[in-house]
Amino acid sequence: GLPGGSISFDFSGGFALADDSLFVTYNDTTYEASERLYSQISPFLESAESAAETTQDPESADALINALSNLENEGSEDLEGESVTHLSGDLDFAALAEEGAGASSVPLDTSQLEGLTGTLEVFVAEEDQSFRRLDLGFSASDVEALAASGIEGLDFTISIGISDPNVEQSIEAPTDTQPLDDLL
């Protein structure tokens, strides 16, 4: 909540990379990063891409698995007409960060992560065991960095899903965009 009250909002959005540009869609409007902004964030994007390539190795999932606790099979559910198995667990961000820091030479102060908790919900198709949706929830209370900004707590959930896997996709860079600086 914020001092004197709380605020809650929902929005839809997404990110895309195409032709050395970053596109952000927020509430049905697509924004494009300027060349200057893209050049500033491209090193981070390259790091994320490198990390994504690393996750192709099944052993790289160990850090995420080790950071999960209270794993439960929530049973079968219907997701967009597909029968799926719903798995859930709690995510320990400090443990995940320590695992990542162990593979890096960058020192890490995990005390900054105290008060930050997470949940992970995974939905897997029963027919072919293909991934269909992942819900990642963050909850922060009494986090020093937020408290310094006057924010007592924060709850955030992001869902990533695949509704029609293994179908050929055609993706083109959007043409009707606004400057990302307008959104920022």
Side-chain angles (χ1 to χ4, degrees), residues 2 6-58 60-61 63-64 67 79-82 84 86-88 91 93 96-97 99-101 103-104 106 108 112-113 116-125 128-140 143 145-146 149 151 153-184:
L2 298 174
S6 63
I7 186 170
S8 177
F9 62 93
D10 292 325
F11 69 90
S12 61
F15 297 89
L17 290 171
D19 300 327
D20 294 329
S21 294
L22 169 68
F23 299 94
V24 176
T25 301
Y26 176 78
N27 284 344
D28 299 325
T29 300
T30 302
Y31 301 88
E32 183 175 5
S34 66
E35 287 184 23
R36 179 185 56 79
L37 177 58
Y38 183 81
S39 68
Q40 290 172 337
I41 62 174
S42 61
F44 300 105
L45 298 173
E46 289 169 10
S47 297
E49 184 177 346
S50 174
E53 289 171 2
T54 304
T55 61
Q56 299 302 316
D57 177 2
S60 68
L64 180 61
L79 181 66
E80 297 182 12
E82 183 86 30
V84 296
H86 176 187
L87 308 170
S88 69
L91 189 55
F93 289 108
L96 188 60
E99 187 87 22
S104 166
V106 179
L108 180 67
Q112 299 293 321
L113 298 174
L116 182 64
T117 58
T119 58
L120 184 67
E121 310 278 331
V122 178
F123 300 83
V124 178
D128 60 5
Q129 302 301 303
S130 63
F131 162 82
R132 292 307 172 95
R133 192 174 91 200
L134 179 140
D135 295 347
L136 183 58
F138 300 91
S139 180
V143 175
L146 292 175
S149 301
I151 299 173
L154 176 69
D155 289 299
F156 180 79
T157 302
I158 185 169
S159 281
I160 303 167
I162 301 172
S163 59
D164 200 3
N166 301 319
V167 173
E168 187 174 327
Q169 302 291 315
S170 175
I171 301 171
E172 296 179 11
T175 56
D176 185 21
T177 62
Q178 304 294 320
L180 183 55
D181 290 342
D182 290 356
L183 177 61
L184 300 176

Which distance, rounded to the nearest 0.5 Å, do you find between the [atom1] of [X] and the [atom2] of [Y]?
X: Ile160; Y: Phe131; atom1: CD1; atom2: CZ; answer: 6.5 Å
X: Ile162; Y: Leu79; atom1: CD1; atom2: CG; answer: 11.0 Å
X: Arg133; Y: His86; atom1: CZ; atom2: NE2; answer: 7.5 Å
X: Glu32; Y: Thr175; atom1: CD; atom2: OG1; answer: 10.5 Å

- Query: Counting heavy atoms not belonging to Asp28, are there more than 12 under 6.0 Å from its CG?
  - Reply: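 No.
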
Do you know which two heavy atoms are closest between [X] and [Y], and how far apart they sit?
X: Ser34; Y: Asp181; result: OG-OD2, 4.4 Å
X: Ser159; Y: Asp135; result: OG-OD1, 2.5 Å
X: Val84; Y: Phe123; result: CG2-CD2, 4.1 Å

- Report yes if some heavy atom in the side chain of Leu134 is under 4.5 Å from a heavy atom in the side chain of Leu120; otherwise report no.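 In contact.
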
- Query: Is there side-chain contact between Leu91 and Leu136, with at least one heavy-atom pair below 4.5 Å?
  - Reply: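 The answer is yes, as the side chains (C-beta and beyond) meet within the 4.5 Å cut-off.
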
